[in-house]
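Below: the structure, in structure tokens.
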Amino acid sequence: MKPNAHPQLDQCAQLAKAFKALSNPNRLAMYMDLIQLEETEHSACCIADLIDRLEIGAPTVSHHIKELVNAGLVHVQRDGKFMRCRLNRDTFALLAHFFRA
């Protein structure tokens, strides 16, 4: 009989993925931008805006966004011809809880 997985192990794995993704300065800057937007009436950011703010190329921004999505930190949705990013609130809450503990 297999013992049940400890619930905190799943949280540890999620946190490790998040920390790994956020260890890159550009991804961290993107995530911090999204956190600031979350506090305003605009809870999503157009990827083109991130390209302008960070002054890095579109392929690089796309790569960083993919890493943030894979880490469960952000969601991406198509809005017409634009792609918009928004925080994954569940992962944000997990990070907030970790830093409060």
Side-chain angles (χ1 to χ4, degrees):
M1 180 193 262
K2 257 186 169 177
N4 289 338
H6 194 279
Q8 284 188 333
L9 291 179
D10 290 339
Q11 290 178 346
C12 288
Q14 178 60 38
L15 285 169
K17 284 173 44 176
F19 292 142
K20 182 178 178 183
L22 293 173
S23 69
N24 178 282
N26 285 323
R27 288 193 289 266
L28 181 58
M30 289 176 181
Y31 194 69
M32 290 171 65
D33 277 354
L34 291 170
I35 291 170
Q36 289 178 349
L37 281 174
E38 192 74 16
E39 297 169 356
T40 68
E41 67 276 1
H42 305 289
S43 62
C45 179
C46 183
I47 292 177
D49 295 336
L50 292 173
I51 293 168
D52 292 341
R53 271 185 268 202
L54 294 172
E55 299 178 354
I56 56 179
T60 304
V61 169
S62 293
H63 169 74
H64 289 316
I65 293 296
K66 181 180 177 186
E67 292 294 321
L68 292 172
V69 168
N70 289 341
L73 291 162
V74 299
H75 297 292
V76 176
Q77 68 185 50
R78 183 167 293 284
D79 184 13
K81 65 179 181 174
F82 298 103
M83 297 293 285
R84 297 201 179 273
C85 297
R86 78 174 11 106
L87 284 182
N88 178 337
R89 292 182 180 168
D90 293 336
T91 304
F92 180 75
L94 182 62
L95 288 166
H97 179 73
F98 174 81
F99 285 110
R100 276 194 300 262

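Just the heavy atoms: all of them, side chains too, but no hydrogens, waters or symmetry mates, feed the values below. Starting from 1, each residue takes its place in the sequence as its number.
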Contacts under 3.5 angstrom, residues 23-30 side chains, donor-acceptor by atom type, not counting sequence neighbours:
from  : atom 1 : to    : atom 2 : distance (Å)
Ser23 : OG     : Lys20 : O      : 2.7
Asn24 : OD1    : Asn26 : N      : 2.8
Asn24 : OD1    : Arg27 : N      : 3.2
Arg27 : NE     : Ala21 : O      : 2.7
Arg27 : NH1    : His64 : ND1    : 3.1

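Phe98 is linked by a ring-ring contact (aromatic ring centres under 6.0 Å, His included) to Phe19, counting only residues two or more places apart in sequence or in another chain. Applying the side chain to side chain donor-acceptor pair (under 3.5 Å) criterion to Asp52, with sequence neighbours excluded, gives no partner residue.
Interatomic distance, Met32 CE to Leu37 CG, rounded to the nearest 0.5 Å: 12.5 Å. Atoms CG and NZ, on Leu15 and Lys17 in that order, are 11.0 Å from each other to the nearest 0.5 Å. If you take CG on Leu94 and NE2 on His97, they are separated by 8.0 Å, rounding to the nearest 0.5 Å. The line from CG of Leu95 to CD1 of Ile35 is 8.0 Å long, rounded to the nearest 0.5 Å.
Between Leu22 and Leu68 the shortest side-chain heavy-atom distance falls below 4.5 Å. For the pair Val74/Val69, a side-chain contact is recorded, criterion being any heavy-atom separation below 4.5 Å from C-beta on.
Nearest heavy-atom pair across Gly72 and Asn88 is O-ND2, 2.9 Å. Nearest heavy atoms, Leu34 versus Cys85: CD2-O, 3.6 Å. Taking all atoms of both residues into account, the shortest heavy-atom contact from Arg53 to Cys45 is NH2-SG, 3.1 Å.
Listed for the Gln36 side chain is no donor-acceptor partner under 3.5 Å among the backbone atoms of Tyr31.
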Task: Trace of the side-chain contact (heavy atoms from CB on, under 4.5 Å) decision for Leu50 with Ile65 - done: CA-CA 10 Å; Leu50 292 173; Ile65 293 296; 3.7 Å; yes
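Screening residues 66-87 for side-chain hydrogen bond (donor to acceptor under 3.5 Å, both in side chains), with sequence neighbours left out, gives Ser43-Arg86, Gln77-Arg86, Asp79-Arg84.
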